[in-house]
Amino acid sequence: MTNTTFADPFRTGTVLGYPRIGRRRELKRALEAHWSGRSTADELEATARDLRLAAARRLVDLGLDATSGAVPGSFSLYDQVLDVVALLGAVPSRFREPTAGGSGRLPLSEYFALARGAGDEPPLEMTKWFDTNYHYLVPEIGPGTPVSLADDRVVREFVEARDVGIVTRPVLVGPVTFLLLSKAADGAGPGFRPLDRLPEVTAVYAELLRRLADAGAPWVQLDEPALVTDNLGVPFADVAEAVRAAYGQLAGAPVAGTAAADGAARPAILVAAPYGDLRGPDGDGLALLAGTGVEGIAIDLVRGGLPAGPVAGLGSTVLVAGVVDGHGVWRGDLTAKLGLLERAAELGAAAVVPATSTSLLHVPHDVEDEPYLSADLRSWLAFADQKVGEVVTLATALSGAEGRAAAEAALTSSAEAVATRQAAEGVVVPAVRERLAGLVPADTTRAPYGERAAAQEARLGLPALPTTTIGSFPQTAEIRAARAAARKGELSEDEYTAAMRDEVARVVRLQEDLGLDVLVHGEPERNDMVQYFAEQLDGFATTVQGWVQSYGSRCVRPPILWGDVSRPAPMTVEWATYAQSLTDLPVKGMLTGPVTILAWSFVRDDQPLGDTAAQVALALRDEVRDLEAAGIAVVQVDEPALRELLPLRAADHPAYLDWSVRSFRLATAGAAPATQVHTHLCYSEFGDVIDAIDGLDADVTSLEAARSRMEVVPELAEAGYDRGVGPGVYDIHSPRVPSVEEMAELLRLAVGAVDPRLVWVNPDCGLKTRRYEEASPALHNLVEAARKVRAELG
Ligand code: GLN
Ligand code: ZN
């Protein structure tokens with residue numbers, strides 16, 4: 001027996017964070033109005049305040065306690081990592097301006113300059129947040145980067161909610177994770193690591209905590225997901241040392257309201273470790289945190305597990321147990337979660353609080369906003385507001401016999417939702433299962449590359465250094481207007497299709513004029529590279545309001561993969577064959593790969609991801625066959641998210657790489673030797689997946705490489721990759737048009753690192769976000785650069 005109580009001190013349970021974009025993407029609209037000069041900074045701040053208070057009130061209405069810090073203060077105008085940059089005033093020198101100072105806030109113009117660039121100054125880099133599709137801004141920290149309490153926004157937001165009667169729990173990225181996610185500023189010197197600045201950064205947090213205590217905050221939440229990953233390239237021993245130092249320092253101050261507190265006090269500290277398992281190969285993050293003296297620890301019990309027995313040092317700690325999946329969309333069996341909470345109580349913590357496993361940032365607001373989903377599907381789903389309800393139900397059920405009785409109906413209904421989903425039509429489709437069960441190794445193996453290469457060369461007759469693009473051409477205002485009109489019924493389906501065919505014809509002609517060797521149809525008909533396929537596959541549903549913040553004002557609407565996947569009809573064949581009918585040059589068929597389709601969807605949680613990926617792969621395999629049969633000689637299967645789904649723990653990498661590679665091969669290995677299979681990857685540090693890239697066995701792999709100056713090419717060669725490679729020579733993330741010589745120089749690096757016969761010439765990624773004014777001259781220069789280096793090779 002332990003003395004653990006449930007749900008004290010947050011009483012009602014808590015969530016680690018809540019969506020910030022607004023139920024109708026009000027923040028997106030307010031940001032974009034401000035950026036385009038249609039609203040002032042004050043107007044934007046006023047909208048943001050309304051959104052924050054509406055969210056806090058909503059959480060209270062849903063059942064979270066308004067007095068104890070159960071409501072998270074997790075708002076951000078753009079990004080939570082950028083908010084810490086602002087808090088510290090850790091602005092890179094290229095943005096540093098002598099500001100008024102002392103105002104207690106960073107001007108919004110400077111905040112957004114960091115996020116979006118200013119004039120010729122590029123913004124902070126953006127990269128994916130742990131294993132999610134959310135992008136954070138990468139801080140640049142050097143030995144001379146200023147660090148002081150430069151912006152008291154966190155305190156102001158606490159006071160603003162307090163003044164309307166809601167005591168929130170301010171949420172910030174913690175100092176260790178902040179510095180581990182930072183990169184060394186240019187010119188920082190070889191031995192410097194951002195973590196070297198930990199003492200000064202921690203001192204700012206300490207000062208902020210004092211101010212929060214003065215304002216009356218009982219709790220503060222510091223997010224330290226760096227504790228659950230092996231992928232940051234820092235040994236656990238170093239992370240542990242940093243955690244001990246930072247939290248030893250922060251927890252050293254007395255807690256406000258306790259006997260020891262006279263003068264400088266602080267709120268109780270909750271350290272959150274979402275997204276994964278605190279138990280790593282080299283040590284236990286839970287024991288580490290328990291030893292620091294912080295008052296609360298939030299652990300992810302959806303992705304992570306419980307330690308086998310009591311944890312030393314936990315006796316006076318509140319364990320915030322993340323049993324409700326913060327980043328999937330399925331309702332869970334709450335009785336099973338009660339069991340998990342009871343097991344968590346055996347660890348010996350002072351209290352166990354039911355909570356979400358992560359912030360709810362990654363899920364849409366409310367299932368009630370989706371009238372077009374089937375009633376069945378809706379009854380299986382929990383978006384942010386439903387998840388808050390799950391947490392509150394759990395806390396109620398744990399609050400004693402009366403509470404248990406009050407929660408009984410909700411507990412039963414949650415189990416029923418899980419059971420009806422298991423039994424529902426379409427969730428398990430025997431024909432799909434049989435096809436999967438009948439697969440043999442030959443289904444994932446193509447002919448040897450040498451044979452394929454010879455057959456493809458005979459068929460395609462391409463020059464050395466062949467030029468191509470990654471697929472999409474600019475999505476013009478006209479294309480978007482036509483799609484909007486079609487959605488509203490102002491344009492008939494036939495009229496819309498005709499408009500898109502005209503666009504395809506234009507794009508084909510442009511590519512011929514530019515002198516590209518392998519053409520594309522330009523993807524004008526695709527709203528999104530995943531949703532486009534989800535809309536055509538069985539087993540998927542799409543939402544109307546299911547927006548999730550991807551970065552800043554940008555939101556995505558991930559489809560919901562709820563059942564066994566199959567392809568009722570060809571999806572892309574008409575577009576590809578139409579484009580091919582317009583030219584004698586080869587046109588690439590363009591598909592999104594199984595891993596990326598999973599990564600950018602909400603995926604069923606009732607079977608291993610690898611099984612779901614294999615189902616998607618079989619649907620794509622049929623599509624590849626149909627493209628081939630229609631005379632398409634080159635097929636590209638994009639996997640930009642291959643790196644994103646890489647598990648956070650190194651021990652889980654091999655299994656992931658195994659199923660992800662297998663699913664790609666399942667999708668592509670049905671292709672004849674004379675069909676050239678391309679793949680495309682971007683958004684990543686490729687180091688961790690370099691062997692997997694080789695394992696995909698594509699004939700040609702194009703990758704993002706311009707910003708890193710072709711760094712990946714020698715890495716690939718070293719990994720034994722010996723097939724076609726198209727390292728991007730044109731950075732499409734910038735409006736800049738690179739010169740012929742600039743691209744030729746990159747190409748020379750590539751042909752210097754691998755056999756020139758393997759090298760392709762292409763941009764870093766699709767052109768859909770660019771304008772023709774930029775893309776056309778850039779592609780012109782790209783073709784010229786290829787000709788130039790071809791001539792040099794002789
Ligand atoms: N074929 C896609 C495009 O060009 C690939 C996009 C991506 O890699 N994200 O748009
Ligand atoms: Zn890309």
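Side chains are part of it too, since the values below use all heavy atoms of this structure and drop only hydrogens, waters and symmetry mates. Order of listing sets the numbers, starting from 1, for every ligand and every atom in it.
Neighbours of the Zn ion (ligand 2) restricted to protein N, O or S atoms under 2.8 Å: the count is 3.
Under the side-chain hydrogen bond (donor to acceptor under 3.5 Å, both in side chains) test applied with S553, the options R29, K28, E32 reduce to a single match, E32.
Rounding to the nearest 0.5 Å places CG of L137 at 6.0 Å from OH of Y78.
At a cut-off of 3.5 Å, with distance as the only test, no side-chain donor of K768 or Q475 sits close to an acceptor on the other residue. For the residue pair Q549 / R20, a side-chain donor-acceptor distance below 3.5 Å is found, with atom types taken as modelled. Side-chain contact, E523 with H521: no donor N or O sits under 3.5 Å from an acceptor N or O.
Listed by chain and number, residues touching ligand 1 at under 4.0 Å (heavy atoms only) are I470, G471, S472, E523, M529, M590, D638, P640, H680, C682, C765, G766, K768.
Below 30°, between 30° and 60°, or above 60°: for Y275 and H327 the angle between ring planes is between 30° and 60°, a tilted geometry.
E574 CD: 12 or fewer foreign heavy atoms inside a 6.0 Å radius.
Between E741 and K788 there is a salt bridge, with a side-chain nitrogen of the basic residue lying less than 4.0 Å from a carboxylate oxygen of the acidic one.
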Go through it in stages, so that I can follow the logic: the residues are D697 and R446, the test is salt bridge (Lys or Arg N to Asp or Glu O under 4.0 Å), and I'd like the CA-CA distance, side-chain angles, deciding distance and then a yes or no.
CA-CA 8 Å; D697 196 27; R446 295 185 75 197; 6.0 Å; no
